[in-house]
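Below is one structure, written out as structure tokens; the observations come after it.
One-based numbering, in listed order, for ligands and for the atoms of each.
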Amino acid sequence: MKFSARLYEKLQPIWRKNHTHPFVTGMGDGTLDREKFRFYMVQDYLYLIDYAKLFAIGAVKSEDTKTMGKFAALLDSTLNEEMSLHRQYAKRFDISEEELEQAEPSPITLAYTHYMLHSAQNGTLAELVAALLPCMWSYWEIGKELSQIPGAAEHEFYGEWISMYSSEEFGELATWCIELLDDLAEGKSSKELKRLEEIFLNTTRYEYMFWDMAYHETMWPDEQVDE
Ligand SMILES: Cc1ncc(CN)c(N)n1
């Protein structure tokens with residue numbers, strides 16, 4: 001069995017928790033409170049600014065120009081396609097691009113992005129890919145699952161989000177990252193594989209924490225507005 005398939009199988013309980021989180025199911029049935037989505041969208045924009053940097057570090061750590069080019073394409077697609085979805089939603093909320101970029105990251109946004117950047121900067125290319133993969137892969141899976149709900153991809157508010165993450169283009173990028181992790185895991189010692197699994201597990205956990213943070217609009221305890 002491929003390394004990615006082993007991880008996927010082992011981490012199913014956590015993955016399912018992401019799919020059944022009320023934030024995710026609320027996008028699927030259209031009942032999610034728009035203020036929660038507003039909070040999410042601003043935090044996700046900040047998250048993606050740092051996430052895009054992982055692809056730049058990936059290009060630096062690549063050992064051939066083909067891989068380097070693919071990381072450059074992923075960087076471009078994140079900044080100019082994925083984040084343009086967020087800019088469009090921001091317009092609907094009357095938030096300017098400047099306001100988006102100057103927003104304050106929540107503790108979870110900060111912890112998640114710093115953990116990934118730490119793994120990317122201090123680890124091997126395989127460690128970098130293990131850190132970034134749950135993000136691409138789980139969004140693709142969630143997008144596909146929500147797109148199966150009748151009318152969800154056409155929903156007047158959440159439809160664009162579902163269409164973007166269930167798209168073939170997004171799926172191709174996620175698939176490339178899955179295959180890259182499998183290639184890089186080949187021939188690695190059990191100690192190294194354990195390290196990759198640990199990083200993959202941690203960013204999978206952070207994915208859940210990000211949904212939960214958005215649902216509860218969690219900021220620092222001293223800044224928290226009670227629900
Ligand atoms: C928190 C998070 N995780 C994943 C994705 C998909 N790139 C995202 N936009 N935001």
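- Here K194 does not pair with E197 in a salt bridge; the nearest charged N to carboxylate O distance is not below 4.0 Å.
- The aromatic ring centres of F157 and F93 sit less than 6.0 Å apart.
- The contact shell of ligand 1, taken as protein residues with any non-hydrogen atom closer than 4.0 angstrom, comprises D44, Y47, L48, E82, C135, Y139, Y165, E207, F210.
- Within the structure, salt bridge (Lys or Arg N to Asp or Glu O under 4.0 Å) pairs that include any residue of residues 113-122 do not occur (at least two apart or interchain).
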Taking distance alone, no hydrogens or angles, what donor-acceptor pairs closer than 3.5 Å link side-chain atoms of residues 55-74 to residues at least two apart or in another chain?
residue : atom : partner : partner atom : Å
K61     : NZ   : A120    : O            : 2.8
K61     : NZ   : Q121    : O            : 3.2
K61     : NZ   : G123    : O            : 2.5
S62     : OG   : G58     : O            : 2.7
D64     : OD1  : K66     : N            : 3.3
D64     : OD1  : T67     : N            : 2.8
D64     : OD1  : T67     : OG1          : 2.6
D64     : OD2  : T67     : OG1          : 3.1

Only pairs under 3.5 Å count here: list side-chain donor-acceptor contacts from residues 140-147, not counting sequence neighbours, and write none if there are none.
residue : atom : partner : partner atom : Å
E141    : OE1  : Y8      : OH           : 2.8
E145    : OE1  : R16     : NH1          : 3.1
E145    : OE1  : H19     : ND1          : 2.9
E145    : OE2  : R16     : NH2          : 3.3
S147    : OG   : G143    : O            : 3.4
S147    : OG   : K144    : O            : 2.8

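- Aromatic pair W161/F170: centroids not less than 6.0 angstrom apart.
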